[in-house]
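Convention: sequence-line order gives letters A, B, ...; per-chain numbering from 1.
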2 protein chains.
Amino acid sequence: MRKTYDNPFDCPVTRTMEYIGGRWKPIIIFLLIDKPLRFGKLAMFMPAISKKILTQQLRELEEDGIVIRHVFREVQLRVEYELSETGKSLLPLMMAMKEWGKTMLPKSDNAQS
Amino acid sequence: MRKTYDNPFDCPVTRTMEYIGGRWKPIIIFLLIDKPLRFGKLAMFMPAISKKILTQQLRELEEDGIVIRHVFREVQLRVEYELSETGKSLLPLMMAMKEWGKTMLPKSDNAQS
DNA sequence: AATACAGGTTACCAGGTGGTAACCATGATG
DNA sequence: CATCATGGTTACCACCTGGTAACCTGTATT
């Protein structure tokens with residue numbers, strides 16, 4: 001869902017998908033809106049994700065300047081992920097996604113076939 | 001990008017991604033906002049898409065109640081795709097995606113690595 | 001009869017994405 | 001010294017998504 005975008009007309013909608021189109025990215029961004037979270041905490045909010053994929057999605061978000069990774073070498077190693085200013089600018093979009101999603105019934109209940 | 005969503009907490013953001021998370025779906029929806037378009041016209045706006053994938057994405061959007069397919073058996077066969085009311089309700093979300101995308105430089109110009 | 005056009009379908013294939021399980025480094029704890 | 005927790009990395013694999021190319025149906029057109 002990332003390098004495969006060609007975006008021939010440099011469509012802004014497509015460009016947005018290049019950033020947040022990953023399998024778990026919208027949820028991660030959404031979880032980080034309120035406050036920074038640790039790696040383990042993020043994993044707990046997404047029980048179906050593996051550590052590998054969580055790491056990978058976070059690295060991509062970091063590369064893309066959406067998320068900032070902070071390492072604290074404390075009593076126990078602590079790694080926190082925080083939204084950057086760019087990431088925070090996604091707030092209206094995330095809210096629009098949340099609002100639209102709330103108006104839709106869960107897909108399984110909505111099947112027309 | 002479709003059946004693989006488990007969405008354990010029935011997160012509305014994730015639910016939105018179930019609908020519009022497809023490779024070409026946001027662009028298709030965006031193109032249909034102004035007016036219905038024929039299959040061939042859609043294909044012209046997306047030169048990189050194959051007929052198979054375009055058909056597939058449109059079928060999924062149709063199944064999900066986002067798009068309505070109209071077949072006109074005229075002089076030449078004509079098939080038009082139109083946003084349903086549900087599809088039209090995506091307008092604010094699509095605009096939010098467009099606006100955010102416009103604020104971001106093309107990814108290649110923005111690379112930090 | 002052959003060809004063109006619209007709107008597909010089908011068979012087949014490549015690659016990316018995600019998943020599992022094992023392993024690792026560091027520091028604390030028993 | 002062995003073990004646990006955190007936050008990963010690595011090897012390996014399955015599957016889904018997307019892609020190509022050929023073919024199809026129906027209605028003109030030449």
Side-chain angles (χ1 to χ4, degrees), chain A residues 1-8 11 14 17-28 31-32 36-64 67-82 107, chain B residues 1-8 11 14 17-28 31-32 36-64 67-82 107:
Chain A
M1 194 89 216
R2 204 146 172 271
K3 314 182 172 113
T4 52
Y5 278 95
D6 1 25
N7 201 358
C11 163
T14 301
M17 288 301 285
E18 292 169 8
Y19 285 89
I20 67 161
R23 171 74 178 79
W24 301 92
K25 288 181 186 176
I27 310 96
I28 292 174
L31 289 171
L32 294 180
L37 289 176
R38 314 177 53 164
F39 182 87
K41 197 80 177 173
L42 279 168
M44 285 200 292
F45 279 119
M46 294 174 283
I49 200 175
S50 67
K51 285 196 284 186
K52 175 191 140 187
I53 301 297
L54 179 53
T55 302
Q56 180 186 298
Q57 299 276 302
L58 286 167
R59 291 286 184 277
E60 289 183 8
L61 287 170
E62 197 189 357
E63 266 178 51
D64 290 345
V67 148
I68 301 169
R69 180 171 181 268
H70 298 284
V71 180
F72 301 95
R73 307 212 159 274
E74 293 180 350
V75 188
Q76 282 291 25
L77 178 63
R78 184 160 68 93
V79 180
E80 271 191 9
Y81 292 91
E82 178 192 20
K107 224 176 171 186
Chain B
M1 196 87 214
R2 203 147 173 269
K3 311 180 173 114
T4 51
Y5 278 94
D6 2 26
N7 202 357
C11 163
T14 301
M17 288 301 285
E18 292 169 9
Y19 285 89
I20 66 161
R23 170 75 179 77
W24 300 91
K25 288 181 187 176
I27 309 97
I28 292 173
L31 289 171
L32 294 179
L37 289 176
R38 315 177 52 162
F39 183 86
K41 198 79 177 174
L42 279 169
M44 286 199 292
F45 280 119
M46 293 173 284
I49 199 175
S50 67
K51 287 196 283 186
K52 177 192 140 186
I53 300 297
L54 179 53
T55 302
Q56 180 186 299
Q57 299 276 303
L58 286 166
R59 291 285 184 278
E60 289 182 9
L61 287 169
E62 197 189 358
E63 265 178 50
D64 291 345
V67 148
I68 302 169
R69 181 171 180 267
H70 298 285
V71 181
F72 301 94
R73 307 212 159 273
E74 294 179 349
V75 187
Q76 281 291 26
L77 177 64
R78 184 160 67 93
V79 180
E80 271 191 9
Y81 293 90
E82 178 192 19
K107 225 177 171 184

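Atom pair Arg59(A):CZ and dG18(C):C1' shows a separation of 17 Å (rounding to whole Å applied). One atom, CG of Leu42(A), and another, P of dT6(D), lie 14 Å apart when rounded to the nearest Å. If you take CE of Met17(A) and C1' of dG18(D), they are 15 Å apart, rounded to a whole angstrom. Straight-line distance from the CH2 atom of Trp24(B) to the C1' atom of dG19(D): 11 Å, rounded to whole Å. The distance from atom CZ of Phe72(A) to atom P of dA5(D) is 23 Å, rounded to the nearest whole Å. Rounded to whole Å, the distance from NZ on Lys41(B) to P on dA6(C) is 11 Å. Going from atom CD of Glu80(A) over to atom P of dT6(D) covers 14 Å, rounded to whole Å. Taking atom CD1 of Ile53(B) as the reference point, atom P of dG15(C) lies 16 Å away to the nearest angstrom.
Among pairs with a residue in residues 40-57 of chain B, none fulfils side chain to side chain donor-acceptor pair (under 3.5 Å), at least two apart in sequence or across chains.
The closest side-chain heavy-atom distance from Leu42(A) to Ile49(A) is not below 4.5 Å. At least one side-chain heavy atom of Phe39(B) sits under 4.5 Å from a side-chain heavy atom of Leu58(B). For the pair Met17(B)/Ile27(A), no side-chain contact is recorded, criterion being any heavy-atom separation below 4.5 Å from C-beta on. The closest side-chain heavy-atom distance from Arg69(A) to Arg59(A) is below 4.5 Å. Looking at heavy atoms from C-beta onward, Leu37(A) lies in side-chain contact with Phe45(A) at the 4.5 angstrom threshold.
Taking each heavy atom of Leu32(B) and Tyr81(B) in turn, the nearest pair found is CD2-O, 3.4 Å. Nearest heavy-atom pair across Lys25(A) and Ile20(A) is CB-O, 3.9 Å.
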(request) Indicate for each nucleotide in nucleotides 23-30 of chain C, in 5' to 3' sequence, whether protein heavy atoms under 4.0 Å reach the base (B), only the sugar-phosphate (S), or nothing (-). (result) ----BS--

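Note on Tyr81(B): a side-chain N or O is less than 4.0 Å away from OP1 or OP2 of dG8(C). The phosphate of dG7(D) has OP1 or OP2 within less than 4.0 Å of a side-chain N or O from Arg38(A). Within the 4.0 Å cut-off from OP1 or OP2 of dG18(D), at least one side-chain nitrogen or oxygen of Gln56(B) is found.
The distance from the CZ atom of Arg78(B) to the CZ atom of Arg38(B) is 6.0 Å, given to the nearest 0.5 Å.
Closest contact between the side chain of Ser50(B) and the listed nucleotides dG19(D), dG19(C), dT20(D) involves dT20(D). Closest to the side chain of Phe39(A), out of dG7(C), dG8(D), dT10(C), is dG8(D).
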(request) For DNA chain C, produce a single dot-bracket line, 5' to 3'. Pairs: Watson-Crick or G-U wobble, both distances under 3.5 Å. Symbols: ( ) within strand, [ ] crossing, | other strand, . unpaired. (result) ||||||||||||||||||||||||||||||

